[in-house]
Colleague: 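The structure that follows is given in the form of structure tokens.
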Amino acid sequence: MAFNIRSSAGWLRLWVLCCMVWAVVVVVLTSDGFPTKARLDSNLEFQLSLISPDANKRRADMWGRPPLAPAVVAQRKAEAVAKHREGVNNLERDQRRHLIRSALFWFVPSLLLLISGWLIGWVVRGFTRPST
């Protein structure tokens, strides 16, 4: 028995609807993690606030240890700035990679749902008697 588009049109419409709903879910879930320059800048500010002199003194008072040496603070600050610079240089690549992953996160389950539906229909058709 050949594939009949008329008998499966309702199921295909349901599949399209499920794919559209899944696309909305994917956009909502993945848009929050989209890399932007503002997010990188915010992360740098946070990293620098953790190694600021005030934070260093508070951490030393809280743990009862001597504050970090100025050389260590300077090294950590340089590492944070270098990491930020690397993130800015790779921003376009990271954005493209995020979009590709999001598209695959939508496409693969949609394709698996379509294939599963076809396979289930194939099995069901195998157990039904042909109409005469």
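Along the sequence shown, residues are numbered consecutively beginning with 1.
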Colleague: Would you call the rings of Phe34 and His98 parallel, tilted or perpendicular, taking 30° and 60° as the class edges?
Modeller: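 Rings of Phe34 and His98: perpendicular, as their planes differ by over 60°.
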Colleague: May I ask whether Trp106 and Val16 are part of the same hydrophobic cluster, defined by side-chain heavy atoms of I, L, V, M, F, W, Y residues being less than 4.5 angstrom apart, directly or through others?
Modeller: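 Unlinked, Trp106 and Val16 end up in two clusters.
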Colleague: In Å and rounded to the nearest 0.5 Å, what is the CG to CG distance from Leu104 to Leu99?
Modeller: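 Spacing of CG (Leu104) from CG (Leu99) equals 11.0 Å.
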Colleague: Is any NZ, NE, NH1 or NH2 atom of the basic residue among Lys83 and Glu79 found under 4.0 Å from an Asp or Glu carboxylate oxygen of the other?
Modeller: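 So Lys83 does not pair with Glu79 through a salt bridge.
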Colleague: Any chance CZ of Arg93 has more than 12 other-residue heavy atoms, nucleotides or ligands included, within less than 6.0 Å?
Modeller: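 More than 12 heavy atoms, drawn from other residues, nucleotides or ligands, come within 6.0 Å of this atom.
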Colleague: Quick one: closest heavy-atom pair of Ala80 and Gln47, and the distance?
Modeller: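 It is CB-CB, 4.1 Å.
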Colleague: Give every residue pair that meets the ring-ring contact (aromatic ring centres under 6.0 Å, His included) criterion with at least one member in residues 52-77, sequence neighbours excluded.
Modeller: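 Listed by first then second residue: nothing to list.
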Colleague: Under 3.5 Å, is there a donor-acceptor pair between the side chain of Ser49 and the main chain of Phe46?
Modeller: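 Yes; at least one donor-acceptor contact below 3.5 Å.
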Colleague: Show your reasoning for whether side-chain contact (heavy atoms from CB on, under 4.5 Å) applies to Leu40 and Leu44.
Modeller: CA-CA 6 Å; Leu40 289 172; Leu44 177 64; over 6 Å; no
Colleague: If Ile, Leu, Val, Met, Phe, Trp and Tyr residues are connected whenever their side-chain heavy atoms lie under 4.5 Å apart, and connections chain through other members, are Ile120 and Phe127 in the same group?
Modeller: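 No, Ile120 does not connect to Phe127 through the hydrophobic network.
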Colleague: Do the side chain of Ser116 and the main chain of Leu112 share a donor and acceptor less than 3.5 angstrom apart?
Modeller: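 Answer holds: yes.
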Colleague: Would you say Asn56's side chain and Leu68's backbone share a donor-acceptor pair under 3.5 angstrom?
Modeller: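 Answer holds: yes.
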Colleague: Calculate, to the nearest 0.5 Å, the distance between atoms CG and CG belonging to Asp94 and Asn89 respectively.
Modeller: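 So the CG of Asp94 and the CG of Asn89 are separated by 10.5 Å.
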Colleague: Just how far is it from atom CZ of Arg59 to atom OG of Ser52, taken to the nearest 0.5 Å?
Modeller: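 Reported value, rounded in 0.5 Å steps: 8.0 Å.
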Colleague: Within the 4.5 Å heavy-atom criterion, are Leu12 and Leu114 side-chain neighbours or not?
Modeller: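 SC-SC contact between Leu12 and Leu114 confirmed.
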Colleague: In this structure, would Leu119 and Leu111 fall into the same cluster of hydrophobic residues linked by side-chain contacts under 4.5 Å?
Modeller: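 Yes, Leu119 and Leu111 fall within the same hydrophobic cluster.
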Colleague: Can Leu113 be reached from Trp118 by stepping across I, L, V, M, F, W or Y side chains whose heavy atoms are under 4.5 Å apart?
Modeller: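 Cluster IDs for Trp118 and Leu113 match.
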Colleague: According to a 4.5 Å side-chain heavy-atom criterion applied to Ile, Leu, Val, Met, Phe, Trp and Tyr, with indirect links allowed, do Val27 and Met20 form part of one hydrophobic cluster?
Modeller: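 The answer is no; the residues belong to distinct hydrophobic clusters.
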Colleague: Hey, are the side chains of Leu50 and Arg76 touching, using non-hydrogen atoms and a 4.5 Å cut-off?
Modeller: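 No, too far: nothing below the 4.5 Å cut-off.
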Colleague: Hey, is Lys37 close enough to Asp41 for a salt bridge, meaning N to O under 4.0 Å?
Modeller: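 Salt bridge present between Lys37 and Asp41.
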Colleague: Taking all atoms of both residues into account, what is the closest heavy-atom pair of Trp22 and Ser110, and its distance?
Modeller: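 Taking every non-hydrogen atom into account, CD1-OG, 4.0 Å.
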Colleague: Looking only at non-hydrogen atoms, find the nearest pair between Val26 and Phe105 and report the distance.
Modeller: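 Shortest heavy-atom contact: CG2-CD2, 3.6 Å.
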Colleague: Does the side chain of Pro35 come within less than 4.5 Å of Leu91's, by heavy atoms?
Modeller: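 Contact flag for Leu91/Pro35 side chains = yes.
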